[in-house]
Engineer: 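Starting off with a structure, shown below.
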Protein chains: 2
Amino acid sequence: MDTRSTILAAAEPLFDRHGYTATGMDRLTAAAGLSSRTLYKHAGSKAALMAAVLAEREGRFMQRIEVASVDALFAALDDWVREEGSRGCLFLRTQGETGGDTPEIAAVVTAHKQAFRARIAEIVAAELGGSGDASLAEQILVLFEGATAAAVYRGPAAVAAARAAAATLVAGARR
Amino acid sequence: MDTRSTILAAAEPLFDRHGYTATGMDRLTAAAGLSSRTLYKHAGSKAALMAAVLAEREGRFMQRIEVASVDALFAALDDWVREEGSRGCLFLRTQGETGGDTPEIAAVVTAHKQAFRARIAEIVAAELGGSGDASLAEQILVLFEGATAAAVYRGPAAVAAARAAAATLVAGARR
DNA sequence: CCCAATGTAAAACGATCGTTTTACATTTCA
DNA sequence: TGAAATGTAAAACGATCGTTTTACATTGGG
């Protein structure tokens with residue numbers, strides 16, 4: 001594994017579990033097994049490192065939701081939550097921590113949410129056929145975000161509830 | 001207004017907009033117009049101050065959702081978002097920032113979410129009559145959390161979508 | 001065989017962190 | 001009126017923040 005991947009793999013769980021601001025560079029360098037100078041050479045800055053972690057996470061996440069149905073979308077979230085735990089959306093948490101004041105972070109968050117929303121619209125369109133239903137897509141988006149957020153304190157039950165609700169809404173939109 | 005209220009009123013928007021960790025005590029004292037010693041006398045510590053802010057916020061929030069129908073619940077959220085803006089649930093954001101490692105904060109977050117969930121169960125029970133529908137209540141909870149989270153980047157449209165979805169689910173549960 | 005270049009470790013940078021202490025007004029009561 | 005007490009402002013605390021610099025190995029080419 002190359003240095004950059006080592007850095008990102010070490011940084012992601014730290015940022016995820018302790019937050020962006022509360023995670024110091026010394027903890028990041030220790031986890032990566034590198035000197036701070038090496039880490040800065042590859043990452044540029046703490047904000048850039050966070051942005052890179054988010055970009056890598058987006059790739060992994062978007063791959064997970066390459067599905068063809070709404071039910072499969074929530075099944076994928078169920079898998080994600082069971083494998084990675086549920087501490088809420090890292091993108092939104094980081095955006096909240098920085099107040100949107102860190103351009104590199106704000107940019108990757110905005111890009112991710114845009115791509116995420118487009119992906120859901122595609123899935124809904126595939127499910128319903130035709131041009132798709134914009135308001136149903138927004139409802140599915142809200143259910144997905146809600147499952148992610150509520151899973152923090154409700155666990156997988158929140159995902160199950162969202163999945164059932166989505167099924168009802170899709171069935172309603174079909175007829 | 002007494003000193004404690006002054007402190008909380010000054011601290012809440014700072015924590016809300018810049019996050020818990022990124023908001024320094026000097027900014028808090030400056031906003032409250034007090035010396036750090038006075039602030040510490042009344043608040044105890046930064047974590048205790050954050051916990052007090054959350055406790056006060058819970059009172060305000062829970063008062064807002066003293067409603068008798070699911071639709072009124074989302075109408076209340078719509079008001080909240082338009083008046084206070086949408087930066088996501090402060091309780092979950094703070095819990096995320098601290099990783100659950102700050103007992104005073106974790107306690108107030110847990111208590112709030114428990115009360116919040118109970119309140120939704122009551123509303124659903126009032127709407128449906130009888131003992132209530134546990135799985136519908138969980139779905140409404142997820143929609144509420146989802147609207148709160150998605151409103152960060154979708155604005156009031158997320159609340160509207162959640163409201164419409166909730167209406168569909170409630171109507172389905174009625175028959 | 002030496003020199004330039006590359007990569008790392010670790011010390012050091014000023015700044016700021018949350019918190020405590022010191023110093024000084026003002027007030028309260030005997 | 002004088003002494004104890006209260007409340008505040010501001011300096012100072014050690015610790016840690018993100019980042020840069022210094023010092024030192026190791027390596028590749030002329």
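Here the structure is a predicted model, which is why all the values come from computation and not from measurement. Protein chains get the first letters and strands the later ones, always in sequence-line order, with residue 1 at the start of each.
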Engineer: Can you tell me how far P of C:dC17 sits from NE2 of B:H18, to the nearest Å?
Structural biologist: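 Rounded to whole Å, this separation is 12 Å.
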Engineer: Of A:S36 and A:R27, whose nearest nucleotide on DNA chain D comes first from the 5' end?
Structural biologist: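 The residue mapped nearer the 5' terminus is A:R27.
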Engineer: Could you check which residues of residues 38-51 of chain A get a heavy atom under 4.0 Å from DNA chain D? Sort them by number, please.
Structural biologist: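 Close to the strand are A:Y40, A:S45, A:K46.
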Engineer: Do B:R27 side-chain atoms and B:L14 backbone N/O form a donor-acceptor pair below 3.5 Å?
Structural biologist: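 Checking the backbone N and O of B:L14 against the side chain of B:R27, no donor-acceptor pair under 3.5 Å is found.
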Engineer: Give one of base, sugar-phosphate or nothing for B:T29, where a contact means two heavy atoms less than 4.0 Å apart.
Structural biologist: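 Since no nucleic acid heavy atom lies under 4.0 Å of B:T29, the category is nothing.
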Engineer: Should A:V109 and A:L141 be counted in the same cluster of Ile, Leu, Val, Met, Phe, Trp and Tyr side chains packed under 4.5 Å apart?
Structural biologist: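 No; tracing contacts between hydrophobic side chains, which count when under 4.5 Å, never links both residues.
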Engineer: Hey, is A:E56 close enough to A:R4 for a salt bridge, meaning N to O under 4.0 Å?
Structural biologist: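 No, no charged N to carboxylate O under 4.0 Å.
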Engineer: What is the distance, rounded to the nearest whole Å, between atom CG of B:L34 and atom P of C:dG18?
Structural biologist: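 Rounded to the whole Å, the gap is 17 Å.
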Engineer: Just how far, in rounded Å, is C1' of D:dA9 from CE of B:M25?
Structural biologist: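 One finds 16 Å between C1' of D:dA9 and CE of B:M25, rounded.
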Engineer: Separation of B:D26 atom CG from C:dT19 atom P, in whole Å?
Structural biologist: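 So the two atoms are 12 Å apart, to the nearest Å.
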Engineer: Does any donor-acceptor pair link the side chain of B:R37 with the base of C:dT22 at a separation under 3.5 Å?
Structural biologist: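 Donor-acceptor pair under 3.5 Å: yes.
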Engineer: In whole angstrom, what separates B:L28's CG from C:dC17's C1'?
Structural biologist: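 Rounding to the nearest Å, CG of B:L28 and C1' of C:dC17 are 12 Å apart.
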Engineer: Of the non-hydrogen atoms in A:Q139 and A:L169, which two are nearest, and what is the gap between them?
Structural biologist: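 Looking at all heavy atoms of both residues, the shortest contact is OE1-CD1, 3.5 Å.
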Engineer: Apply side chain to side chain contact (heavy atoms under 4.5 Å, CB included) to the pair A:F15 and A:L28, showing each step before the final yes or no.
Structural biologist: CA-CA 9 Å; A:F15 282 141; A:L28 290 165; 3.7 Å; yes
Engineer: According to the interplanar angle, ranging from 0 to 90°, do the rings of A:H112 and A:F61 count as parallel (below 30°), tilted (30 to 60°) or perpendicular (above 60°)?
Structural biologist: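 The arrangement is perpendicular - the two ring planes meet at more than 60°.
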